[in-house]
Amino acid sequence: MTRTERVGGKSRPIPLLDLSWVPDGWWRLMTDEPRWDAFPERVRRRHFEPCVFSQLMLELKAGDLCIVGSDTFADYREQLVSWETYRERVADYGATAGVPVDRQAFVEHVRTWLDGVATATDEGLPENKLVRIENSEAIITRPPRRTESASTRELEARLAELMPEQHLLDILTDTEHWLRWSGPFGPISGHETKLEDAIVRYLATVFCYGTNMGPSQAARSLMGLDRRQIEWINQHHVIEDALDEANMIVLNGYNRFLMTRAWGSGKRVSADGTHWDTYERNLLAERHIRYGGFGGVAFYHVSDLYVALFSRFIPCGAYEGVYILDPFYKNKSDIQPDTVHADTHGQSAAIFGLAYILGIQLMPRIRNWKHLVLYRSTKETRYQHIDGLFTGVVDWDLIATHLPDMLRVGVSIAAGTISPSTILRRLGTYSRKNRLYLAFRELGVAVRTGFLLQFLGNAELRSTIQAATNKSESFNEFVKWLAFGGGGVIAENDRGEQRKIIKYNHLLANCLIFHNVCMMTRALYKLRADGMQIEPEAVVALSPYVRSHINRFGQYTFVSAAGRSRLTTTCRSSPMARQQRPRSRLDHSQPGPPDEMGQKCRNRCHRPSTLILGRTRLSNGSWNFQVHSIEIFPPTDVVVSWRVELGSDENEWPRSR
C-alpha cells in the first residue's frame with residue numbers, strides 16, 4: 001500500500017492507493033487503525049473487497065457512478081433532451097402539464113395553492129366531525145360503515161340466476177370472436193403465419209400460461225395439442241409487446257360499455273403489487289421479509305373501472321413507487337387516467353415532486369402519515385386550528401434555482417427519451433448529494449403537505465382513496481384465483497418468461513372482466529324489460545370480479561355401465577373452437593368406420609393397465625359417432641364402447657380387440 005522514499009535524508013512512506021473514499025465504519029475493519037492520521041502500510045483484503053463493492057453499489061444507486069451502455073445504471077444526464085430542445089418544447093410542455101415554466105410564476109403558483117388548501121382546512125376544522133387535533137396531532141375517526149342495501153342483494157341474486165355457467169376456454173373464444181385481440185400475435189419476423197388453426201393455438205397458449213398450468217399439463221387437458229406446440233407458439237409467436245397490444249384491444253372494447261360509467265370515470269388508477277412464488281435459482285426473484293417467502297411482485301395499475309391497465313414483474317426488494325408513473329406514458333388505450341392512488345410503498349417526497357412536474361395527481365393511502373413533516377409556506381404564516389401540525393418551512397429558493405432542470409426531466413419523459421422509473425431510480429434516497437434530487441424532494445414535501453391537508457379536510461377524498469385501493473386488492477385476488485395451475489409457483493427462471501406469464505395472466509383476467517360485464521349488461525337489459533326497477537346505487541355496488549358462474553376445471557361425472565362405475569369427462573367448447581380445433585395424427589375423435597376407430601384407439605393407447613377417459617361427439621354427413629369409454633386390460637385386450645346414430649335409429653356395438 002506504500003513505498004518508501006528518502007526526502008531530505010529522511011525516509012517517508014508514499015501511499016500507492018487513495019483511500020479517502022473509505023467510510024469510517026470500514027476504516028478500522030480494514031486497517032486496525034482507530035484514526036485517519038497514519039496511512040496504513042497494509043489493509044485486510046477480505047474486508048477491502050466487500051468495502052469496494054458496497055461503495056460501488058451505493059454510488060451506482062446515487063447516480064455518481066455510471067456504466068457505459070447500461071440501461072439501468074447509465075448516465076441519466078445523457079438520456080435527457082438537449083438544452084436547445086428543452087427551450088423549444090418547454091412552453092408547450094408547461095401548457096400540457098398545467099404548470100408555469102417561469103421560475104417566479106411557478107413558485108407563486110405552488111405557494112398560492114398550498115396556502116389556499118391550508119386555509120380551507122383550517123377554517124373547516126370546527127365543522128369537521130371526523131377530525132380533531134390533540135397535542136399537535138391529527139386524529140381521524142372512521143365514518144359509519146355502509147350497509148349493503150336490500151336492492152343490491154336482490155340485483156346480485158337475479159344476475160347470478162341469469163348469468164350462465166362459463167368455461168375459461170369459452171370466455172377466451174367469445175372475446176376473441178368479438179374483439180380479435182389475438183391480431184398482434186404472429187411470427188417474430190413479421191411475416192404472415194402459416195399455422196393451421198392459428199387462433200385456436202393462440203387461445204390455447206393464453207389459457208396455458210394465463211392459468212399457470214404450464215405446457216405439459218395443458219397438453220394433457222387439451223386434445224390435439226402437444227407440449228412442444230404450445231411452447232413453440234409462446235417462444236416464436238408471442239412477445240411482451242404483443243401481449244401489451246392485445247391487452248390494449250381488450251381495454252378499448254371494455255371502455256365502450258356504458259355500465260362501467262357507474263363505477264368511475266376512467267381518470268383514476270390504483271397501483272398495488274401482489275407476491276408470486278418462484279424457484280430460487282433465478283436473477284429476478286429474491287427472499288423478502290415483507291412477504292415471508294421467495295419470489296417476485298406483480299405490480300398492477302387498476303383503473304377505477306375495475307380493469308387493469310398495466311402490469312410489471314419486479315423484485316420483492318424493489319421500491320414499488322419507482323414504477324408508479326410509468327403507465328401514464330406506456331398506456332396507449334382509450335382509458336387515460338390523470339390521478340394515481342397507491343399504498344405507503346407508492347409514495348415519497350421525490351415521487352410527489354416528479355408527479356407534480358408531469359401534471360399527475362398522486363393521492364396515496366399512507367399508513368404512518370402522522371409521522372410525516374408538514375411544511376408551511378413561510379415562517380410568518382400562522383393558522384388558528386392546525387398551526388401545531390407544521391414543523392418545517394419550504395425552501396422556495398432551491399425550487400426556483402433548479403426548476404429548469406426539473407422541467408428538462410419532464411420534457412425528456414414526454415419525449416420518450418427516458419422513463420419515470422429510470423429517473424426515480426437515479427434520484428432515490430441514496431442521492432442525497434444530488435442537487436436535482438434535493439430540488440424534487442423540496443417540491444415534493446410542499447405538494448405532499450397540500451395533499452395531506454386535503455386528506456384531513458375532505459372525508460369524500462378519504463373514501464375515494466380507500467375504494468380505489470380496495471379495487472386493487474380485489475384485482476390481486478382475482479388474478480391469483482385465475483392462476484390456479486402450477487401450485488401457485490412460476491416455474492420459469494428466465495426473467496423475460498416470468499414477465500410474459502404475468503402479462504398472460506393479466507390478459508386472461510381482462511378478457512374475463514370484459515366477458516362478465518357483457519353478460520351483466522345483457523342481464524340488466526333483460527331485467528329492465530321484465531319490469532324490474534333497478535336502483536342506480538345497486539349498479540354502483542356491483543363488481544365484474546364475479547366468478548361463481550365460472551368453471552375453471554371442466555366437468556366430471558360418474559356413469560354406471562354393466563354394473564360397474566366408470567368415470568368419464570365432458571369437455572364443453574364453443575362452436576368456434578370445435579370448428580377450428582386441430583387434430584393430431586392419433587386423434588381417436590376423428591370419424592371413421594368402427595374397425596378404423598378401434599385400430600386408432602389401440603395404436604394411441606399403448607400403455608397397459610390404462611383407463612382412457614373421453615367423451616366426444618362429431619358428425620360426418622349422416623354418421624354421428626359418440627365415444628363413451630376406452631378400457632385397456634393387460635396385456636393387450638382393448639374394450640371400446642361407442643354409439644352410432646343413423647337417422648332416427650340408434651344402436652350400440654361393444655367391440656373387443
Side-chain angles (χ1 to χ4, degrees), residues 1-4 12-80 280-290 294 296-297 314-324 345 347-351 353-354 398 402 405-406 409 412 418-442 444-445 495:
M1 301 299 296
T2 61
R3 62 185 176 88
T4 304
R12 53 179 294 184
I14 303 298
L16 299 178
L17 182 64
D18 182 14
L19 297 180
S20 59
W21 52 269
V22 177
D24 294 339
W26 284 97
W27 181 258
R28 179 173 294 184
L29 293 175
M30 289 171 45
T31 65
D32 290 332
E33 296 288 344
R35 297 180 304 173
W36 282 77
D37 298 341
F39 192 88
E41 296 182 359
R42 292 188 177 186
V43 295
R44 297 188 178 186
R45 179 179 177 182
R46 291 187 176 182
H47 295 82
F48 177 74
E49 291 179 353
C51 176
V52 170
F53 285 107
S54 64
Q55 287 302 114
L56 283 174
M57 177 194 68
L58 295 177
E59 296 299 327
L60 284 173
K61 287 186 175 182
D64 296 331
L65 191 67
C66 64
I67 300 177
V68 179
S70 172
D71 181 24
T72 304
F73 298 108
D75 187 359
Y76 71 90
R77 290 175 289 268
E78 295 182 357
Q79 297 177 270
L80 302 179
E280 296 189 5
R281 293 186 177 181
N282 64 86
L283 296 177
L284 181 65
E286 60 184 25
R287 189 178 301 277
H288 199 268
I289 190 174
R290 175 185 176 189
F294 200 93
V297 173
I314 60 177
C316 290
Y319 190 66
E320 295 178 1
V322 171
Y323 307 97
I324 197 171
H345 291 267
Q347 65 84 30
S348 70
I351 298 175
L354 180 59
L398 178 63
H402 295 279
D405 299 287
M406 294 189 288
V409 171
S412 302
I418 193 172
S419 64
S421 58
T422 301
I423 192 65
L424 286 175
R425 278 197 299 264
R426 317 312 295 143
L427 302 178
T429 55
Y430 294 94
S431 306
R432 302 186 186 278
K433 298 178 292 183
N434 193 312
R435 301 292 292 179
L436 181 60
Y437 163 75
L438 296 178
F440 270 117
R441 179 185 177 278
E442 199 66 23
V445 296
R495 285 186 287 183

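Excluded from the calculations below are hydrogen atoms, water molecules and symmetry mates; all remaining heavy atoms, backbone and side chain alike, are included.
Contact between His47 and Trp26 at its shortest, heavy atoms only, is O-CZ3, 3.4 Å. Heavy-atom minimum distance, Val445 versus Ala349: CG1-CB, 3.9 Å. Pairing each heavy atom of Pro50 with each of Arg45, the nearest pair is CD-O, 4.5 Å.
Distance check, rounded to the nearest 0.5 Å: CZ of Arg77 to CD1 of Ile418 gives 10.5 Å. Of the inter-residue distances, the one linking His402 atom NE2 with Leu438 atom CG reads 7.5 Å to the nearest 0.5 angstrom. Note that CZ of Arg44 is 14.5 Å distant from CD of Glu49, once rounded to the nearest 0.5 Å.
Residues Leu436 and Val409 meet the side-chain proximity criterion, which asks for heavy atoms closer than 4.5 Å. Tyr323 has its side chain out of reach of Val297: every pair of non-hydrogen atoms, C-beta onward, lies at least 4.5 Å apart. Residues Ile324 and Gln347 form no side-chain contact, since every pair of their non-hydrogen atoms from C-beta on lies 4.5 Å or further apart.
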Original post:
Please walk me through it: do Tyr319 and Leu424 pass side-chain contact (heavy atoms from CB on, under 4.5 Å)?
Top reply: CA-CA 10 Å; Tyr319 190 66; Leu424 286 175; over 6 Å; no
Original post:
Run the side-chain contact (heavy atoms from CB on, under 4.5 Å) check on Leu398 and Arg435 step by step: do they pass?
Top reply: CA-CA 9 Å; Leu398 178 63; Arg435 301 292 292 179; 3.6 Å; yes
